[in-house]
Amino acid sequence: MTAEPARLENAHAVGPEQCRPSWVTSAETTFIRVAAARNNADWCASVCRSHGIPNTFSETAWHSARRTPPYYPDAVTLHPDAVPTDFLSEIDTASPGCSIKDSFAALDLTSGGFVKFFTAQWIHRPAETPTRATTPTLRTERVSTAAQLRDWQATWHGGDGTPDVFRPALLDDPSVLVLALHNGEDLCGGVVLNHSSGMVGLSNLFAVDSSDVAIAWSSAITAAADHFPGLPLVGYAHGDDLAHALASGFTALGPLRIWLHGS
């Protein structure tokens, strides 16, 4: 899935050449990756705003001077030419948990005290990609109240100690759509869609039952087409989630890397 949470950390990434679609040129791929990185940074900015955390965009990077919510990076590079000096002095590397999303897997941040956390693939699904008519879907419902969001977040996280990530202010953000997936009346999954850069970002996709993951992907894609017709989908994934994305009509465009500070 394209979730921010670090539950992806132990999955094995698929190499970029193994998944690169042959019908997309290098220039087109770079253009889509730049747009996907911006879309993802816009989502990170939305999460930060819901916590009252100020954040900044430059031409090459997005960053927050304050520690971001759990699972979210302190900086995201927006262009292949971004360099560490574009953002490192602007973020908090002194307190635990600082992380960087190196959107083009182009940086070496080891001299700044960072270690490689995991590598994933940007994924893209053109709007015109057909959906298999035989693929089942779950009923989707927009999360619109604080109580619904609390239940959604607890189910998304699973177990005890649900972290404070998704706050009700997100529900008032016109670019964000939090969806619950239902089988009958039971909450059995969810996904977040965010609209920016002419694309729809798909993230935080989850299914309560592992046997429903493929159906959750299908349901999320169908919901995105209903709410944002004619727009392509982007996100990132690795491991089993990347396999599900590819089986759902996404293609992998190239790697990104998450760096974690050693403090």
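Index from 1, following the sequence.
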Least distance between heavy atoms, [X] atom then [Y] atom:
X: A37; Y: L78; answer: O-CD2, 3.9 Å
X: A154; Y: T162; answer: CA-OG1, 3.7 Å
X: R142; Y: V176; answer: NH2-O, 3.7 Å
X: K101; Y: L256; answer: CG-CD1, 4.3 Å
X: D42; Y: S196; answer: OD2-OG, 2.8 Å
X: T30; Y: P80; answer: CG2-CG, 4.3 Å

side-chain hydrogen bond (donor to acceptor under 3.5 Å, both in side chains) pairs touching residues 174-188, sequence neighbours excluded, are D173-S175
Quick check on the 6.0 Å ring-centre criterion: do F166 and W152 meet it? yes
Would you find a donor on one side and an acceptor on the other, under 3.5 Å apart, between the side chain of [X] and the backbone of [Y]?
X: Q153; Y: L149; result: no
X: T60; Y: A82; result: no
X: D212; Y: I215; result: no
X: R67; Y: T93; result: no
X: Q148; Y: T145; result: yes
X: R139; Y: G184; result: yes
X: W43; Y: L193; result: no
X: D74; Y: S99; result: yes
X: H79; Y: D81; result: yes
X: R125; Y: S248; result: yes

Are [X] and [Y] connected, step by step, through hydrophobic side chains (Ile, Leu, Val, Met, Phe, Trp, Tyr) whose heavy atoms are closer than 4.5 Å?
X: V200; Y: L177; answer: yes
X: L233; Y: L231; answer: yes
X: F206; Y: V178; answer: yes
X: V191; Y: V213; answer: yes
X: L171; Y: Y72; answer: yes

Have S46 and R49 got a donor and an acceptor in their side chains that come within less than 3.5 Å? yes
Hey, what's the ring geometry for H238 with F118, parallel, tilted or perpendicular (30° and 60° as the breaks)?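 Tilted.
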Check the angle between the aromatic planes of F228 and H195 and answer parallel, tilted or perpendicular using the 30° and 60° thresholds. tilted
Answer whether the closest heavy-atom distance between the side chains of [X] and [Y] falls below 4.5 Å.
X: T68; Y: C44; value: no
X: R33; Y: F104; value: yes
X: L179; Y: H227; value: yes
X: T29; Y: S26; value: no
X: S64; Y: I91; value: no
X: I123; Y: L253; value: no
X: L181; Y: S219; value: yes
X: V76; Y: F87; value: no

Passes side chain to side chain donor-acceptor pair (under 3.5 Å), S197 versus N39? Steps please. CA-CA 6 Å; S197 300; N39 175 278; 5.6 Å; no
Test of understanding: with side-chain hydrogen bond (donor to acceptor under 3.5 Å, both in side chains), list the residues that count as partners of T222, not counting sequence neighbours. none
Sorted by chain and number, sequence neighbours left out, side-chain hydrogen bond (donor to acceptor under 3.5 Å, both in side chains) with W62 holds for N55
Verdict with supporting geometry, W122 and T251, side chain to side chain contact (heavy atoms under 4.5 Å, CB included): CA-CA 8 Å; W122 288 113; T251 54; over 6 Å; no
Distance under 6.0 Å and angle within 45° of the ring axis: does R38 meet both against F57?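 Yes.
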From CA spacing to verdict: side chain to side chain contact (heavy atoms under 4.5 Å, CB included), H261, I100: CA-CA 8 Å; H261 199 264; I100 306 295; over 6 Å; no
